[in-house]
Amino acid sequence: MLEVTDLRKSFPTPDGSRVEVVRVAAFHLAAGAQCALRGESGSGKTTFLHLIAGLLAADRGRVALGAEIMTDLPESRRDRLRAAKIGYIFQTFNLLQGHTVLENVLLGMGFGPRGADAAHARELLDRVGLSHRLRHFPRQLSTGQQQRVAVARALANRPALVLADEPTGNLDPRHGHEALGLIREVCRENGAALLLVSHDEQALGHFEDVQDFAALNRPGTEVRP
Amino acid sequence: MTLWLIIYRSLRQHALSTVVTAASIALACGLLLTVWMVKTQSQAAFTAANAGFDAVLGARGSKLQLVLNALFHLEASPGNLAWSDYEQIRRHPAVKTAIPIAVGDNLRGYRLVGTLPELFAVELAPGRRFELAAGRMFDPLAAEAVAGSFAAAQLGLRPGDTFHPFHGLTFDERNRHAETYTVAGVLAPTNTPADRVIWLPLAGVQTIGGHDPRAATDVSAVLIQLRAPTAGFMLDMMYNKQGNRLTFAYPVGAIIAELFNKIGWFDRVLELVAYLVALVAAGAVLASIYNSMSARQRDIAILRALGARRRTIFGAVLGEAVAIGVLGALAGLVVYAGLFSAVAGIIREQTGVVLTVMAWHPALALAPLGMIALCGLGGVVPAFKAYRVPVADTLAPQS
């Protein structure tokens with residue numbers, strides 16, 4: 001489902017040189033599989049996810065989502081592919097504060113090929129236990145509830161792949177545990193593959209397949225322009 | 001649906017700045033429309049308000065003053081002309097109707113104008129004549145009066161009421177004449193300056209106590225209908241070029257148009273101010289959205305992460321500017337209705353000329369559309385800023 005080959009990304013530094021953050025020779029995730037990547041802060045995990053999601057353009061290498069090659073696409077088509085096939089869960093939830101719970105989930109599917117489907121959005125929110133909070137705004141919810149909205153939103157466009165970036169980083173251990181259980185369950189129910197990155201051992205403990213990101217990612221020290 | 005939802009929620013989220021900006025658009029739009037509509041309507045109304053007459057004959061002086069005095073019941077009379085002058089023009093073969101008027105007295109600021117009953121048979125406009133709303137026409141040999149609708153309403157005059165005229169065109173309690181007049185009737189509204197006049201028999205005004213007895217047969221002006229328009233130029237030659245005693249004001253519309261030309265600079269200044277206000281309002285749209293961009297960067301990045309394309313974000317911000325423009329333009333029509341009604345009320349009170357707020361003019365559509373377009377233009381800069389938001393940098397620090 002997800003095939004990463006020789007993926008590289010560097011960023012410019014103030015002195016004019018470039019520092020490489022990601023160099024992943026190969027990574028594979030099967031359809032419907034669930035995998036966690038262990039990595040310390042600053043190890044390039046988020047950049048890796050951004051590259052997979054097409055939020056960043058790679059310097060070189062290949063990200064394939066099924067038959068489609070994300071890294072070969074121009075930005076607007078990467079956006080379209082992301083809207084169609086990828087769900088993203090952020091550490092800080094990144095809910096739209098001016099929109100209701102239901103609207104946040106509707107916007108999660110609004111840019112995809114199927115468009116906004118209120119019935120499906122309600123169904124998902126019901127699944128994460130928030131059917132009674134549809135018209136609430138994120139600020140009116142607890143952090144645990146906000147994370148559940150983020151989970152429902154990530155699944156809203158019926159994605160083939162869900163990327164979760166430190167999804168329990170802002171939750172206490174009990175809520176973190178619940179949230180992870182929910183994310184894994186909902187992904188499984190929807191047939192979506194799940195790739196999670198975290199430095200939290202408790203979170204990683206939920207996964208059978210845990211890989212060390214440092215072993216995958218071998219960036220060069222410095223790259224001259 | 002998604003785009004509308006984003007626009008709607010953004011407007012709601014920034015409700016205060018939306019309302020303030022839309023209010024400034026409304027003010028600009030209302031001001032622009034009022035200046036434009038008052039200008040065009042008053043120009044059309046004044047040039048058309050000739051009370052059914054083609055020309056005015058009066059004492060030597062300014063044509064404009066003569067027309068304003070005889071037809072609009074404004075300004076002082078430039079002087080009198082002898083009864084024989086009236087007789088002469090009345091008998092002229094090119095003249096269809098000639099009706100004398102005499103002015104010089106008032107009732108609490110409303111003009112008393114002496115005339116003949118024939119005046120009320122003249123068509124004010126095609127198919128429109130004076131009509132009585134109450135009572136009857138005055139008896140030309142009696143001390144009776146017929147009040148115009150506006151004057152009657154303001155002074156509370158009804159048939160059977162009596163009053164004493166006051167000398168001069170400006171009301172002064174000390175200048176009361178001894179004669180008593182009885183209101184015989186009240187005219188229906190004509191929406192012309194005649195509504196502000198109280199009409200008396202000509203002989204009554206001429207012989208009123210305190211006036212110069214040597215001028216007892218003089219008249220202030222003669223209102224003239226011509227048999228053919230070409231006759232006007234012949235009479236113009238006769239009175240204005242060959243003679244030097246009287247003034248023949250013709251054509252009435254052109255003389256009033258001259259007045260508007262003279263005060264045209266004032267219109268242009270008002271227009272310029274309105275255009276500047278419109279530009280400032282469009283600038284306010286730009287500033288308010290642009291200033292909120294920093295706070296919105298994260299929302300924009302989230303939408304991009306959800307799959308929104310750059311052009312969708314650009315469209316949402318532009319749409320927000322246009323939506324503010326639409327709200328402002330709609331409210332601008334309300335502001336226009338209020339401002340215009342106030343100005344029309346003042347003009348009616350001062351001149352008797354009626355301006356209609358509901359009268360259609362292309363400016364009523366073009367000005368709001370122009371404001372909306374200007375707002376859209378003001379939205380381009382913030383939309384471009386939104387278009388360029390770096391998603392990955394904005395969403396999260398790299399780990």
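Labels below follow one simple rule: chain letters A, B, ... track the order of the sequence lines, proteins then strands, and each chain is numbered from 1.
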Checklist line | Contact class of Ser10(B) relative to chain A, heavy atoms under 4.5 angstrom | finding: neither

Note to self: I'd like to verify something: which residue of Arg80(A), Arg153(A), Glu103(A), Met109(A) has the highest number of heavy-atom pairs under 4.5 Å with chain B?
What the structure shows: Glu103(A)

Margin query: A side-chain contact here means heavy atoms from C-beta on lying under 4.5 Å apart; do Gln97(A) and Pro138(A) qualify?
Written below: yes

Checklist line | Heavy-atom contact with chain B under 4.5 Å, split by part of Phe137(A) | finding: side chain

Next item on the list: Could you tell me which portion of Arg310(B) (side chain, backbone, both or neither) has an atom closer than 4.5 angstrom to a non-hydrogen atom of chain A?
Entry: both

Check: Does a side chain donor of either Glu166(A) or His199(A) reach within less than 3.5 Å of an acceptor in the other side chain?
Finding: yes

Margin query: At a 4.5 Å cut-off on heavy atoms, which part of Arg78(A) comes close to chain B: side chain, backbone, both, or neither?
Written below: neither

Margin query: Tell me which of these, Gly39(A), Gly54(A), Ala83(A), has more heavy-atom pairs under 4.5 Å with chain B than the rest.
Written below: Ala83(A)

Check: Which bit of Ile86(A) comes within less than 4.5 Å of chain B, counting heavy atoms only: side chain, backbone, both or neither?
Finding: neither

Checklist line | Geometric cation-pi criterion Arg311(B) and Phe314(B), 6.0 Å radius, 45° cone | finding: no

Checklist line | Portion of Glu75(A) that has a non-hydrogen atom of chain B nearer than 4.5 angstrom | finding: side chain

Note to self: Strictly less than 4.5 Å between heavy atoms, which residues of residues 356-389 of chain B line up against chain A? Please order them by number.
What the structure shows: none

Notebook entry, point to check: Cut-off 3.5 Å, side chains only: do Thr13(A) and Asp15(A) have a donor facing an acceptor?
Noted result: yes

Checklist line | Pair Arg218(A) + Glu20(A): basic N to acidic O under 4.0 Å | finding: no

Note to self: Looking at Arg82(A) and Asp79(A), is there a salt bridge between them, counting it only when a charged N and a carboxylate O are closer than 4.0 Å?
What the structure shows: yes

Notebook entry, point to check: Ignoring hydrogens and geometry, is there a side-chain-to-backbone donor-acceptor pair from Asn217(A) to Phe213(A) under 3.5 Å?
Noted result: no

Check: Under 3.5 Å, is there a donor-acceptor pair linking the side chains of Thr92(A) and Arg298(B)?
Finding: yes

Check: For Leu102(A) and Ala121(A), which heavy atoms make the closest approach, and how far apart are they?
Finding: CD1-CB, 3.8 Å

Notebook entry, point to check: Can you name the nearest heavy-atom pair linking Val22(A) to Phe48(A), along with the distance?
Noted result: CG2-N, 4.0 Å

